[in-house]
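Per chain, numbering begins at 1; letters A, B, ... match sequence-line order.
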Protein chains: 2
Amino acid sequence: MQNKPTVLVVEDEASLVTLLRYNLERDGYRVVEARDGEEALIVAAEETPDLILLDWALPNLSGIEVCRRLRMRAESRNTPIIMLTARGEESDRIRGLDTGADDYVVKPFSMTEMLARIRAVLRRLRPALSEDLAEFGDIAIDRVSRRVRRSDREVHLGPTEYRLLDHLIQHPGRVFSREQLLDAVWGSDVYVEARTVDVHIGRLRKALIANGERDPIRTVRSAGYSLDEQMKVTAG
Amino acid sequence: MQNKPTVLVVEDEASLVTLLRYNLERDGYRVVEARDGEEALIVAAEETPDLILLDWALPNLSGIEVCRRLRMRAESRNTPIIMLTARGEESDRIRGLDTGADDYVVKPFSMTEMLARIRAVLRRLRPALSEDLAEFGDIAIDRVSRRVRRSDREVHLGPTEYRLLDHLIQHPGRVFSREQLLDAVWGSDVYVEARTVDVHIGRLRKALIANGERDPIRTVRSAGYSLDEQMKVTAG
DNA sequence: CGCCTTTGTTACGATGATGTGACAGTTTTA
DNA sequence: TAAAACTGTCACATCATCGTAACAAAGGCG
């Protein structure tokens with residue numbers, strides 16, 4: 001399956017969570033849940049979601065407080081947040097969006113509108129995610145037709161190698177540990193050996209350099225892997 | 001390719017209209033114009049455009065009001081609408097999405113971005129509006145007579161296979177998951193096994209390659225099916 | 001240079017996804 | 001109303017892909 005954007009839904013009303021999950025998954029997102037503020041902070045750290053839907057009224061920690069704390073952490077500082085508020089709770093702070101949220105939606109909302117908001121926010125803040133086409137040097141990956149090409153040559157990748165490349169290409173140059181890659185590409189719920197990542201990196205390399213091209217993947221000893229930004233300039 | 005999609009541009013600033021028309025036509029669209037809200041409603045009814053670009057600030061009727069009214073009419077209920085808003089009208093953007101716009105663009109915008117948005121919205125929402133004739137490589141499907149032919153040979157398809165091909169051909173190259181196909185072809189309310197899609201894909205293939213022609217359908221392991229764009233160029 | 005850690009690579013059994021024929025039930029056609 | 005067409009599901013064969021262990025190679029360090 002494609003590398004889906006992950007959405008964290010923080011909401012205590014179970015029926016609403018179910019509804020959101022159904023529609024979000026149908027629109028191509030991966031959904032993770034949290035019931036209250038504390039859980040939200042934990043899950044946000046574990047999953048590093050691409051977007052957070054945050055209910056304003058939560059048990060334990062208020063939505064605003066969660067929002068504030070998320071904004072203080074390095075890994076979620078730039079994660080888009082959409083606030084859910086009930087009619088009548090629209091204080092000026094929310095209207096001004098100065099709580100750190102990027103948008104807000106008033107309950108009850110139409111699902112069409114919610115999905116449009118999500119697309120809009122993601123597009124504004126995470127262009128790489130909503131792009132149908134991602135390129136890195138002479139490597140291009142088309143997420144619609146699910147094809148990978150390297151300088152006019154079609155490259156065949158297995159599902160895992162495809163997701164792996166997709167993830168790497170979303171953060172060019174950034175080094176990912178094996179654990180991070182397992183979380184992002186395999187999913188945080190599956191248990192596989194960290195060394196398995198090596199094997200798939202190997203398979204990905206093999207497919208990408210089949211024509212004697214330069215290896216686009218950089219190994220960072222005792223740290224992990226990344227796309228090699230050198231390649232962009234040195235490529236030939 | 002099919003008939004050109006029609007785009008209705010609702011905008012009172014003449015220079016912007018000219019610019020949009022030029023670029024849209026270059027990208028293969030047919031362009032019709034309206035200067036104000038009233039005219040927009042009239043033209044929308046006459047032309048039944050495939051997409052509407054709607055300025056938020058208009059003489060006569062505000063963009064939001066136009067949007068609301070368009071949404072109330074049967075013939076434009078499902079027409080995608082992209083709102084144009086000026087910087088600083090950000091909060092109105094939210095109301096715009098409430099009203100039923102599918103996307104919005106903040107002025108000033110880059111033309112590249114605008115064209116990309118248009119493609120994205122059309123790709124997401126257009127299946128409803130179909131041309132009478134669709135072609136893909138040497139395959140042609142006539143929606144009026146409900147006939148399918150492959151290079152001068154008439155191909156007989158059952159109802160489900162016909163709808164399946166019809167859906168695939170509307171987004172050539174795009175990979176659909178089994179679930180997406182069930183939603184689109186069977187309807188979102190029926191419950192059938194995902195594997196049923198495989199069987200019908202098989203039947204569709206069998207009918208299409210009865211004369212030993214190339215298989216136009218691509219299987220993407222663990223993802224779904226798509227029309228194989230390679231076929232267009234490789235076909236003989 | 002030896003020793004240890006880390007990474008690359010291969011082989012292989014297990015798992016999972018897909019293609020296809022058969023079949024029973026249902027709908028449409030003649 | 002009988003025949004034909006169509007539908008959804010299953011069973012089974014086949015093939016791709018997966019995860020892991022094992023070993024080779026490379027790097028780091030004294």
So what does Val220(B) touch, heavy atoms closer than 4.0 Å: a base, only the sugar-phosphate, or nothing?
-> sugar-phosphate
Member of Leu204(B), Val155(B), Val185(B), Val148(B) meeting the side-chain contact (heavy atoms from CB on, under 4.5 Å) criterion with Glu161(B) | Leu204(B)
Pi-cation contact, Tyr162(B) with Arg146(B) (under 6.0 Å, within 45°) = yes
Identify whether any heavy atom of Tyr162(B) sits under 4.0 Å from a base atom; if not, whether one sits that close to sugar-phosphate; answer base, sugar-phosphate or nothing.
-> nothing
Can you name the residues that form a side-chain contact (heavy atoms from CB on, under 4.5 Å) with Asp183(A), not counting sequence neighbours?
-> Ser188(A)
Take Arg178(B) and Arg178(A), find for each the nucleotide of DNA chain C with the closest heavy atom, and name the residue whose nucleotide sits nearer the 5' end.
-> Arg178(A)
For Arg35(A), the side-chain contact (heavy atoms from CB on, under 4.5 Å) test, sequence neighbours excluded, returns Glu33(A), Glu39(A)
Not counting sequence neighbours, which residues clear salt bridge (charged side-chain N to carboxylate O under 4.0 Å, His left out) with Asp142(B)? List them please.
-> none
What residues 195-211 of chain B contributes to the DNA chain D interface at heavy-atom separation below 4.0 Å is Thr196(B), Val199(B), His200(B), Arg203(B)
Leu157(B) has an atom CG; how far is it from atom P of dT7(D), in whole Å?
-> 10 Å
Non-hydrogen atoms of Gly37(A) and Leu58(A) that approach each other most closely = N-CD1, 4.0 Å
Does Trp186(A) put a side-chain nitrogen or oxygen below 4.0 Å from OP1 or OP2 of dG19(D)?
-> yes
Geometric class of the His171(A)/Phe176(A) ring pair [parallel <30°, tilted 30-60°, perpendicular >60°] | perpendicular
So, are Arg163(B) and Asp166(B) salt-bridged, with charged N and O less than 4.0 Å apart?
-> no
Of all heavy-atom pairs between Leu54(A) and Val66(A), which one has the smallest distance, and what is that distance?
-> CD1-CG1, 4.0 Å
Between atom CD in Glu161(A) and atom P in dA16(D), what is the gap in whole Å?
-> 14 Å
Result for 5'-nearest mapping on DNA chain D, choosing between Gly158(B) and Val192(A), is Gly158(B)
Distance, rounded to the nearest Å, where Leu164(B) contributes CG and dC6(D) contributes P | 15 Å
Scanning both residues in full, the closest heavy-atom pair of Asp50(A) with Pro80(A) reads O-CD, 3.1 Å
Earliest and latest nucleotide of DNA chain C, 5' to 3', sitting under 4.0 Å from a non-hydrogen atom of chain B?
-> dG16(C) to dA22(C)
Quick one: do Arg153(B) and Glu213(B) make a salt bridge, cutoff under 4.0 Å?
-> yes
Write out a two-atom table: protein N or O, nucleotide N or O from nucleotides 26-30 of chain D, distance below 3.5 Å.
residue: dG27(D); atom: O4'; partner: Arg221(A); partner atom: NH2; Å: 3.4

